[in-house]
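What follows is a set of notes on a single structure, which appears directly below.
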Amino acid sequence: MSNDVLNTLRHDINEIDSDLLVLLAKRRRISHGVVEYKIANNKPIRDEARELALLEKLIGYGKSLGLDAYYVNNVFQTILEDSVLHQQAMLQKNLNPDALSETHRVTYLGGQGSYSQLACHKYFSRRPGKLVEIGCSSFDEITGKVENGQADFGLLPIENTSSGSINEVFDLLQHAQVSIVGEVTHSVEHCLLANPDTELSQLTKIFAHPQPFAQCSRFLQGLGELQHETCDSTSSALQSALNTPNSAAIGSAQAGKNVGLEVIKSNLANQSENHSRFIVVARKPLQVSKQIPTKTSLIMATKQQAGSLADALMIFKQHKINLVKLESRPMPGNPWEEVFYVDLEANLADSQVKNALEELKEYTQYVRILGCYQSETLQAVSVNTQ
Ligand SMILES: O=C(O)C(=O)C[C@]1(C(=O)O)C=C[C@@H](O)C=C1
């Protein structure tokens, strides 16, 4: 096959890909039209029956074109997830017109290429407006800038599939004067990044934020005795590696490329599926529509009598409220007492939640609502791809 033939074929592929983008943009515009109807008629954003019918039809049609069901399902689950999340964001903007201005000043940990920056871009890609990014060197600085009005939102990593909960953030939430107004998950692909021509065998020092050290502990054990230096963010770890011979940093390949570091080893995390969940905080809480899946997060300190925690949790069960997270942390100033961080799959505006919170008073010293927000973890509809 001559180069001309190859170039012609690639030209045809470029044409088709451009046509696909035009159609996807058109589809998104129409989806925005559907959400106007749902707002006017108070309909749930998610219509899973419609999604299932759509996928089954597309899989059948795909098969007649020689496209396997797994491929068609994957492509359209991605399209549907984007459509639903955009619709939810539009609905929330409609409900909170003042909260979401045309400019979003957002604080997050680190700088260019940090995982927090990637998560920030993902979350605000569905929220139109000018994004002003403010990189910070600590979690306290992130919330501090939100509290004093220097930022509209703060993005904080709160848990990871390899290293679990990020306790520093849970402890911060006990006193920070902010509300959780959103969440976003982002995959985290840790790489070992070093100056060009650095061999793994030459390394004497590794720089990283505590989270990557925890998430890549097994890989690091296999490297033997190397000096580990903890940094306040991935961005600062990269700068340290850049300026230290025979050293490396843990971060994303993109972050390394941004500063001139090369990947000398990838896929370092203990879990192959390594994702971090971030919360988005603001000074004021948002109203959350009952037309979308919602979470409510709270902190509670149970009373000291035996069984108080069990009694408190039973209240949620009696009101048919599903808990999706329960985390205990030492109470500030009283390390032998615990406070419990709870994520409910519920809307604070629901009467069931209000009744449960009222009954909770009998078994708790205090309950503090951290926020009610749109759940971004979408459960894809299950369709037969056989
Ligand atoms: O048809 C609808 O109800 C839509 O909102 C459109 C759409 C889609 O993107 O196809 C999006 C969300 C729904 O769950 C179902 C389908």
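No experiment lies behind these values; they were computed from the predicted model shown. Residue numbers run from 1 in the order of the sequence given. Atoms within a ligand are numbered from 1 in the order they appear, just like the ligands themselves.
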Open item on the list: Below 4.0 Å from ligand 1: does a non-hydrogen atom of Lys38 turn up there or not?
Closed with: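 Yes, that is the case, since the closest heavy atom of the residue is under 4.0 Å from the ligand.
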Task: Min heavy-atom dist Glu48 to ligand 1 below 4.0 Å - done: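 Flag not set, Glu48 not near ligand 1.
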- [ ] Kindly give the heavy-atom pair with the smallest separation between Thr107 and Cys136, and that separation in Å.
- [x]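 Thr107 and Cys136 have their closest heavy atoms at CB-SG, 3.8 Å.
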Task: Considering all heavy atoms, the nearest Asn74-Thr78 contact - done: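 Smallest interatomic distance, heavy atoms only, reads O-OG1, 3.0 Å.
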Within a distance under 4.0 Å of any heavy atom of [X], pick out the atoms of ligand 1 and give their elements.
X     : value
Asp47 : 13 (C), 14 (O), 15 (C)
Leu54 : 10 (O)
Val34 : 2 (C), 3 (O), 4 (C), 5 (O)
Leu80 : 8 (C), 9 (O), 10 (O)

Give the residue, atom name and distance (to 0.1 Å) of the protein heavy atom nearest [atom].
atom                    : result
atom 16 (C) of ligand 1 : Arg50 CG, 3.9 Å
atom 11 (C) of ligand 1 : Ser83 OG, 3.4 Å
atom 15 (C) of ligand 1 : Glu51 CG, 3.6 Å
atom 12 (C) of ligand 1 : Val84 CG2, 3.5 Å
atom 10 (O) of ligand 1 : Arg27 NH2, 2.8 Å
atom 6 (C) of ligand 1  : Gln87 NE2, 3.9 Å

Is there a donor in the side chain of [X] and an acceptor in the side chain of [Y], or the other way round, less than 3.5 Å apart?
X      : Y      : value
Ser308 : Thr302 : no
Gln304 : Glu337 : yes
Gln211 : Ser163 : yes
Gln92  : Gln374 : no

TODO: Output yes when the distance from some N or O of ligand 1 to some N or O of Arg46 is under 3.5 Å, and no in every other case.
DONE: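 Arg46 vs ligand 1: no N/O contact under 3.5 Å.
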Open item on the list: I need the contact type for Val35 against ligand 1. Using non-hydrogen atoms and a strict under-4.0 Å cut-off, is it side chain, backbone, both or neither?
Closed with: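 Neither; no heavy atom under 4.0 Å.
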Open item on the list: Aromatic contact between Tyr115 and His190, with the criterion being ring centroids under 6.0 Å apart: yes or no?
Closed with: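 Yes - the distance between ring centres of Tyr115 and His190 falls below the 6.0 Å cut-off.
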TODO: Answer with yes or no after comparing the ring centroid distance for Phe153 and Phe124 against a 6.0 Å cut-off, counting only values under it.
DONE: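 Between Phe124 and Phe153, which both carry aromatic rings, the centre distance is below 6.0 Å.
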Open item on the list: Strictly below 4.0 Å, N to O, side chains only: are Glu327 and Arg329 in salt-bridge contact?
Closed with: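 Result for this pair is no, no salt bridge flagged.
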